[in-house]
Trainee: 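Take a look at this one; I'll ask things after.
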2 protein chains.
Amino acid sequence: MSRAEPETTPQDDAARAGWLYYVGGMTQDQIATELGISRQRAQRLVTRAMAEGLIHVRLNHRLQSCLDLESELRNRFGLIRCRVMPSLGQGGDPVATVASAAAAELERFLRQSEPLVIALGTGRAMRGMVDALTPMAAMQHRIVSLIGNISPDGSASFFDVVMRIADKVRAPHYPMPVPVISPTPEENAAFHALPPVRRVVDLARNADVVFVGVGQMSEDAPLLTDGFFTRSELEEMWAAGAAGEVAGWVYDSSGSYLDVGTNRRTGGVPVAPGLARPAVGVAAGATKVNAIRAALKSRIINILITDETTATAVLSQS
Amino acid sequence: MSRAEPETTPQDDAARAGWLYYVGGMTQDQIATELGISRQRAQRLVTRAMAEGLIHVRLNHRLQSCLDLESELRNRFGLIRCRVMPSLGQGGDPVATVASAAAAELERFLRQSEPLVIALGTGRAMRGMVDALTPMAAMQHRIVSLIGNISPDGSASFFDVVMRIADKVRAPHYPMPVPVISPTPEENAAFHALPPVRRVVDLARNADVVFVGVGQMSEDAPLLTDGFFTRSELEEMWAAGAAGEVAGWVYDSSGSYLDVGTNRRTGGVPVAPGLARPAVGVAAGATKVNAIRAALKSRIINILITDETTATAVLSQS
DNA sequence: GAAATGAGTGAGCATTTAATCGCACTATGG
DNA sequence: CCATAGTGCGATTAAATGCTCACTCATTTC
């Protein structure tokens, strides 16, 4: 037979194979026959469709145990909303667990017709959320970064989250053109005095919705492993009672921002505690428990998206 | 034996197993270990999670060929919107193909905050759509049936679609308490004269959105196989040029309702052609091609959700 | 112009999954 | 109290899947 159309992209093929497999329930052999390709190729297309996120899988049932945890967290910390996903066991990646729920929460806001300013932090949780996001047209909103996008080595990888999300929803986006953490308070202030920076800062400060990850301040603190802190800075923060970090701003176990160390040189906008506007924290993992509890206490975040084991741990102590 | 927690339902277990399998990417063996059950049991739970619709799978990519068909259908028939899903090959069930897309379209309306009156027909396509619908709170809307729910044998199975959807979204619902087709025009008129019926009819007639399947009038007409038509009635309609049927009302190949046969005794509300409010037709399958084309011509429906082969066929003739 | 690189391909094989079967347990009605 | 139908379970076996490897072909690099 003759394939008249040469105009199918590889991704099209992958999507079609994945569709036939997951929705149509066909075997890879049948797909191979249907599309006139070898079984191996069909298998690769199916794998690829999943890997590239062309196929979305969602759980459509609320586990009773998760619902219980949600209501307890809501009551204990006075949250607007809370979402607890089932854990994936010790082998599983907590980020993957919460990513789809976080994406759903974000979509909830994106679907609103009145224009919103949506501020975002960075980190693995945010990255996972954006990857799980379904592309949709939501140009009415503005996406703004809370945190500087200039990293110590000069790379702009932190730019990624805001750029990727803005790309998926075709919304205007505002990266924060300052260093994540400047060498001196003066240099940080100099950046923030620049008019373009001030405009982004104002936008972020008055955002209608905030999405952030939550960083732990233990040995494996993201800010340390990613090279934004030195070890001595971390120890200085420990001495001051550091419990966690949101958007680069370090707070103690009661959820109050510290006035020492890097906090005097951090660029961008801290997430103000106790406000009424939605502030969504996306975080899961055993090491983050204390950081999450502290952020909830002062209501730096008032919506929490986490997994079952983390939720249990957050509630168990305190 | 001792069951320590009596507080996990079988469905909870199935959902958890399905989550671990599809989202966590774990093997059924790992799940069995994780949950402390046998492999076979894990496998049964996973299967069940899928069968009961606890796991939703969606395609997150638009195939170029489908996009092309969509824009051509939109232009040709002046549609508001059109959605073409990839076909599942000759073995596949067309209803399964379009169900998830139809559900997504319905959810689009359900998510709107201003209250809507949503009118629905019946049939396999509607049933599939409702099954694929994600449960969500949308109490602001009212769900009303376009078609009678009393079938010839007295059963109320047609009630199902409206009831199920209302159950899933917790919205008030209004079944149409009249026979689908009455034995005589007089009896039909008598039913429609009843005040409670009139209220439902008024609601349906002024609905903000309409969702319907499209029935073919060939040998395998749903109205015939489901026992609402006799064969002689079908032949009478053929003689008058019957091409298809929407919500029980039969129209010819130009999409005009006929004034013969059962149309004089059909209960409920016909979908008025050519209106501006969205009227979504959900239909796929080779036998429905003519019925779909006719419904599009007079714009009984102005949004179409179908599959690739059907879309191609609808466009090929005419 | 030749070698290197890298993505894509098909074959064979190990692992994982689905289907079938027989057995035990339970509820229901004689 | 026993018989019987129905349901769920584990073991076995057939099918399907995923993984590795050697190979090709096109493009790049020296």
Side-chain angles (χ1 to χ4, degrees), chain A residues 1-3 5-61 63-64 86 88-93 96, chain B residues 1-59 61 63-64 86 88-93 96:
Chain A
M1 73 136 133
S2 63
R3 208 157 248 302
E5 329 86 317
E7 40 207 331
T8 72
T9 74
Q11 218 186 29
D12 268 18
D13 292 337
R16 186 178 294 270
W19 170 260
L20 294 172
Y21 186 74
Y22 288 105
V23 181
M26 294 168 68
T27 77
Q28 299 179 351
D29 244 336
Q30 293 174 290
I31 296 170
T33 310
E34 176 84 20
L35 301 181
I37 56 181
S38 73
R39 188 184 73 75
Q40 285 82 355
R41 183 146 167 64
Q43 131 85 347
R44 279 178 187 122
L45 288 174
V46 169
T47 306
R48 179 170 170 185
M50 188 49 103
E52 295 192 3
L54 271 37
I55 302 287
H56 269 213
V57 180
R58 285 199 340 210
L59 181 64
N60 210 10
H61 182 263
L63 294 179
Q64 193 56 49
L88 293 180
Q90 61 260 82
D93 176 14
Chain B
M1 75 143 130
S2 63
R3 213 160 245 300
E5 325 89 320
E7 40 207 330
T8 75
T9 72
Q11 216 186 31
D12 267 17
D13 292 336
R16 186 179 294 272
W19 171 260
L20 293 172
Y21 186 73
Y22 289 105
V23 180
M26 293 169 68
T27 157
Q28 298 179 350
D29 229 343
Q30 294 174 289
I31 296 171
T33 311
E34 177 85 20
L35 301 181
I37 57 180
S38 72
R39 263 171 248 152
Q40 289 84 347
R41 185 144 165 62
Q43 131 84 344
R44 282 184 183 115
L45 286 175
V46 170
T47 306
R48 182 171 167 181
M50 187 48 102
E52 294 192 4
L54 271 36
I55 302 288
H56 269 212
V57 180
R58 277 198 184 171
L59 182 63
H61 183 264
L63 296 178
Q64 194 55 50
L88 294 179
Q90 61 261 80
D93 176 14

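Throughout, protein chains are lettered first and strands after them, A, B, ... in sequence-line order, and every chain is numbered starting at 1.
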Trainee: What residues form a side chain to side chain contact (heavy atoms under 4.5 Å, CB included) with A:Thr33, not counting sequence neighbours?
Mentor: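 If we apply the side chain to side chain contact (heavy atoms under 4.5 Å, CB included) test to A:Thr33, skipping adjacent residues, there are no hits.
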Trainee: Does the side chain of B:Asp13 come within less than 4.5 Å of B:Arg41's, by heavy atoms?
Mentor: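 Of all side-chain heavy-atom pairs linking B:Asp13 with B:Arg41, at least one is under 4.5 Å.
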Trainee: Rounded off to whole Å, could you give me the CD1-to-P distance for the A:Ile37 and C:dA11 pair?
Mentor: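 Rounded to whole Å, this separation is 13 Å.
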Trainee: Any salt bridge (charged side-chain N to carboxylate O under 4.0 Å, His left out) pairs touching residues 21-31 of chain A, not counting sequence neighbours?
Mentor: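 Residue pairs passing salt bridge (charged side-chain N to carboxylate O under 4.0 Å, His left out), neighbours aside: none found.
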Trainee: Is A:Ser38 near enough to C:dG10 that one of its side-chain N or O atoms lies under 4.0 angstrom from OP1 or OP2?
Mentor: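 Affirmative; the distance criterion is met.
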Trainee: Let me know the distance between CG of B:Leu20 and P of C:dT16, rounded to the nearest Å.
Mentor: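 So the CG-P distance, B:Leu20 to C:dT16, works out to 16 Å.
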Trainee: Between A:Gln40 (CD) and C:dG8 (C1'), how many Å, whole number?
Mentor: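 Atom-to-atom, A:Gln40 to C:dG8, this comes out as 12 Å.
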Trainee: Going by number, which of residues 41-52 of chain A have a non-hydrogen atom under 4.0 Å from DNA chain C?
Mentor: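 Hits under 4.0 Å, by residue number: A:Arg41, A:Arg44.
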Trainee: Checking contacts here: which listed nucleotide (D:dT17, C:dA18, C:dG12) is nearest the side-chain heavy atoms of A:Thr27?
Mentor: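 Of the options given, the side chain of A:Thr27 lies nearest D:dT17.
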Trainee: When the distance from CE of B:Met26 to P of C:dT15 is rounded to whole Å, what number comes out?
Mentor: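 Interatomic distance, CE of B:Met26 to P of C:dT15: 19 Å.
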Trainee: Tell me, please, which residues at least two apart from B:Arg58 pass side chain to side chain donor-acceptor pair (under 3.5 Å).
Mentor: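 In terms of side chain to side chain donor-acceptor pair (under 3.5 Å), with neighbours along the sequence ignored, B:Arg58 is linked to B:Glu107.
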Trainee: Side-chain atoms of residues 45-53 of chain B: list all donor-acceptor pairs with protein atoms under 3.5 Å, sequence neighbours left out, distances to 0.1 Å.
Mentor:
{"unit_1": "B:Thr47", "atom_1": "OG1", "unit_2": "B:Gln43", "atom_2": "O", "d": "2.9"}
{"unit_1": "B:Arg48", "atom_1": "NE", "unit_2": "B:Glu52", "atom_2": "OE2", "d": "2.6"}
{"unit_1": "B:Arg48", "atom_1": "NH2", "unit_2": "B:Glu52", "atom_2": "OE2", "d": "3.3"}
{"unit_1": "B:Glu52", "atom_1": "OE1", "unit_2": "B:Gln11", "atom_2": "NE2", "d": "2.9"}

Trainee: Touch check for B:Gln28, heavy atoms < 4.0 angstrom, all strands: base, sugar-phosphate only, or nothing?
Mentor: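 B:Gln28: backbone/sugar contact only, no base atoms under 4.0 Å.
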Trainee: Using the side chain to side chain contact (heavy atoms under 4.5 Å, CB included) criterion, which residues pair with A:Ala15? Sequence neighbours excluded.
Mentor: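 A:Ala15 satisfies side chain to side chain contact (heavy atoms under 4.5 Å, CB included) with A:Leu54, B:Leu59, B:His61, B:Leu63 only.
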Trainee: Nearest to the side chain of B:Tyr21, which nucleotide is it out of C:dG10, D:dT17, C:dT17?
Mentor: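 Shortest atom-to-atom distance from the side chain points to C:dT17.
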Trainee: Using whole Å, report how far CZ of A:Arg39 lies from P of C:dG8.
Mentor: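 Rounding to the nearest Å, CZ of A:Arg39 and P of C:dG8 are 19 Å apart.
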